[in-house]
*Asks:* 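Sharing a structure with you now.
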Amino acid sequence: MPKRSFSGIQPTGNLHLGNYLGAIKQWVKLQDTVDGIYCIVDLHACTATHDPVVLRRSVSAVAAFYLAAGLDPAKSTIFVQSAVGAHSELAWILGCVARFGELARMTQFKEKGEGRESVSVGLFTYPVLMAADILLYDANVVPVGEDQKQHVELCRDVAERFNATFGDTFILPEPLILGTGGRIMGLDQPTKKMSKSAGSPNNYIALEDDPDTITRKIKTAVTDTGGQICYAPEEKPGISNLLTIYSLLTGETMSDLEARYTGKGYGFFKRELTEVVVENLRPLQTRYRALKKDPAAVGEILRQGAERAAGIAGKTLSRARKRFGMEPV
RNA sequence: AGGGCCGUAGCUCGAACUGGUAGAGCGGCGGACUCCAAAUCCGCGGGUUGGGGGUUCGAAUCCCUCCGGCCCUGCCA
């Protein structure tokens with residue numbers, strides 16, 4: 001039986017190159033070796049104040065991008081989180097197993113909540129819902145960026161506690177930390193991760209940006225002192241990030257790129273990188289636009305995905321309910 | 001549940017006299033410069049003054065109410 005993998009993206013803000021290289025592209029690569037469950041986690045998107053209409057639009061955008069990027073509904077399960085009620089229900093059960101203290105320690109909660117006037121309870125219990133997402137599918141691996149590792153660990157802790165107290169129920173997942181691609185940095189702030197909700201649009205290359213916009217954004221990308229093109233994330237975070245993007249898109253190694261661009265200057269490199277980004281995104285964008293014109297087809301894929309997901313999740317949930325004392329009545 | 005303080009641009013606001021045209025700094029955006037950026041210089045936009053109602057010729061300012069935040073006290077478990 002192939003390993004099962006669960007991962008998801010929140011339908012908030014603009015999908016960008018970091019999401020593609022760091023997540024979706026890696027999932028596509030894993031597609032033939034794992035049973036992939038790929039979710040559009042709209043329940044998580046509600047932890048911050050949101051507009052229902054915008055949320056629905058973002059859900060379709062993420063779905064279209066999953067497909068445009070090459071996730072194949074014949075190989076992977078693609079669905080919207082809120083379409084499978086088991087997520088919410090298991091989250092409640094796990095919320096009674098998780099401890100206040102462990103959630104209060106989550107760095108993402110502390111960072112996101114900091115300075116905010118009000119914070120929803122959902123933002124606090126977010127990791128519990130994420131644990132439910134993962135455990136419902138008996139996922140063995142969870143491909144995530146470095147920043148999500150802590151949440152997967154919490155998921156394991158909660159699952160272990162549940163298993164120890166109520167009997168073996170859940171499979172403990174392993175985080176699969178994605179390599180260099182797991183962390184594409186912001187173009188204007190190369191020491192911080194590229195973000196959908198960054199202050200300036202110059203932080204990211206949106207997957208919908210046209211060639212002119214991409215050109216402008218790469219041109220304004222922050223670089224480092226000195227003119228040599230070499231990969232050194234500590235000393236030269238700016239150019240290293242651009243090299244990472246280049247390497248992930250073309251498959252060339254860092255040393256190949258360093259050799260090729262010796263003595264070439266940042267400006268020259270940026271122009272070539274722009275070409276690479278534009279050309280790599282082009283087919284994806286074409287497919288994306290086509291999918292957007294056919295919402296019925298996307299909807300049908302999501303419906304079938306939700307059906308399969310609900311089948312798997314339902315079994316796990318009923319196992320958990322029994323152990324937890326909820327059925328039979 | 002009762003009481004106190006508070007809410008102005010993306011952020012910080014001990015800006016806005018006594019009720020009289022809503023401001024600054026930072027950030028952001030654009031340009032110059034630069035191999036490209038950064039720094040620097042030049043320029044630019046940005047607001048339902050938390051929402052709604054009232055008083056007034058006129059409300060950020062006064063009154064009522066709701067929302068949200070911080071604090072004190074009480075009540076229940």
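Chain letters run A, B, ... following the sequence lines, proteins first, then strands; residues in each count from 1. For clarity, every value in this text was computed on a predicted model and none was experimentally measured.
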*Asks:* Testing A:Val28, A:Asp32, A:Val34 one by one against A:Leu30 for a side chain to side chain contact (heavy atoms under 4.5 Å, CB included), which residue passes?
*Replies:* A:Val34
*Asks:* Can you check the A:Lys236 NZ to B:C36 P distance for me, whole Å?
*Replies:* 16 Å
*Asks:* Relative to the ring of A:Tyr66, is the ring of A:Tyr38 parallel (under 30°), tilted (30 to 60°) or perpendicular (over 60°)?
*Replies:* perpendicular
*Asks:* Provide the distance between the two P atoms, one in B:C17 and one in B:A60, to the nearest whole Å.
*Replies:* 12 Å
*Asks:* Side chain of A:Arg216: nearest nucleotide among B:C36, B:C29, B:G30?
*Replies:* B:G30
*Asks:* For the side chain of A:Arg271, starting at C-beta, report the closest nucleotide among B:G30, B:G28, B:C35.
*Replies:* B:C35
*Asks:* Roughly, in whole Å, what's the span from CG in A:Asp224 to P in B:C36?
*Replies:* 16 Å
*Asks:* Might you point out which heavy atoms bring A:Leu55 and A:Cys46 nearest each other, and give the distance in Å?
*Replies:* CD2-SG, 3.9 Å
*Asks:* What nucleotide among B:A38, B:C36, B:C29 has an atom nearest to a side-chain atom of A:Val222?
*Replies:* B:A38
*Asks:* What's the closest nucleotide to the A:Lys219 side chain, out of B:C29, B:C36, B:G30?
*Replies:* B:C36
*Asks:* Please give the distance between the P atoms of B:G30 and B:U49 as a whole number of Å.
*Replies:* 28 Å
*Asks:* Is there a side-chain contact between A:Asn202 and the phosphate of B:G28, meaning an N or O under 4.0 Å from OP1 or OP2?
*Replies:* no
*Asks:* Say we look at B:G47 and B:A22: how far apart would their P atoms be, to the nearest angstrom?
*Replies:* 14 Å
*Asks:* May I have the distance from A:Met185 (atom CE) to B:A37 (atom C1'), rounded to whole angstrom?
*Replies:* 18 Å
*Asks:* Who is the Watson-Crick or G-U wobble partner of B:G43, with both distances under 3.5 Å?
*Replies:* B:C29
*Asks:* Ring centres of A:Tyr20 and A:Phe65 under 6.0 Å apart?
*Replies:* no
*Asks:* Find the distance A:Ile229:CD1 to B:C35:C1' and express it as a whole number of Å.
*Replies:* 10 Å
*Asks:* Take atom P in B:C75 and the same atom in B:G2, then report the distance between them in whole Å.
*Replies:* 15 Å
*Asks:* In whole Å, measure the gap between the P atoms of B:G25 and B:A15 for me.
*Replies:* 13 Å
*Asks:* Whole angstrom is fine here: how far is it from OH in A:Tyr266 over to P in B:C33?
*Replies:* 21 Å
*Asks:* Partner lookup for B:A1, please. Criteria are Watson-Crick or G-U wobble with both distances under 3.5 angstrom; report none if nothing qualifies.
*Replies:* B:U73
*Asks:* When rounded to the nearest Å, what value does the distance between P atoms of B:C13 and B:C44 take?
*Replies:* 28 Å
*Asks:* Could you tell me how far B:U8 sits from B:A16 if I compare only their P atoms? Round to whole Å.
*Replies:* 15 Å
*Asks:* Considering Watson-Crick and G-U wobble pairs with both distances under 3.5 Å, what does B:A24 pair with?
*Replies:* B:U12
*Asks:* Determine the interatomic distance between P on B:A9 and the same-named atom on B:C72; round to the nearest Å.
*Replies:* 28 Å
*Asks:* Within the pair A:Ser200 and B:C29, is there a side-chain N or O less than 4.0 Å away from OP1 or OP2?
*Replies:* yes
*Asks:* Rounded to whole angstrom units, what separation is found between the CG atom of A:Leu187 and the P atom of B:A37?
*Replies:* 13 Å
*Asks:* Between atom CD in A:Gln228 and atom P in B:A37, what is the gap in whole Å?
*Replies:* 18 Å
*Asks:* Is the distance between the ring centroids of A:Phe79 and A:Tyr137 under 6.0 Å?
*Replies:* yes
*Asks:* Measure the distance from CD1 on A:Ile218 to C1' on B:A38 and round it to the nearest whole Å.
*Replies:* 18 Å
*Asks:* For residues A:Ile312 and A:Arg4, report the shortest heavy-atom separation together with the two atoms involved.
*Replies:* CG2-NH1, 3.4 Å
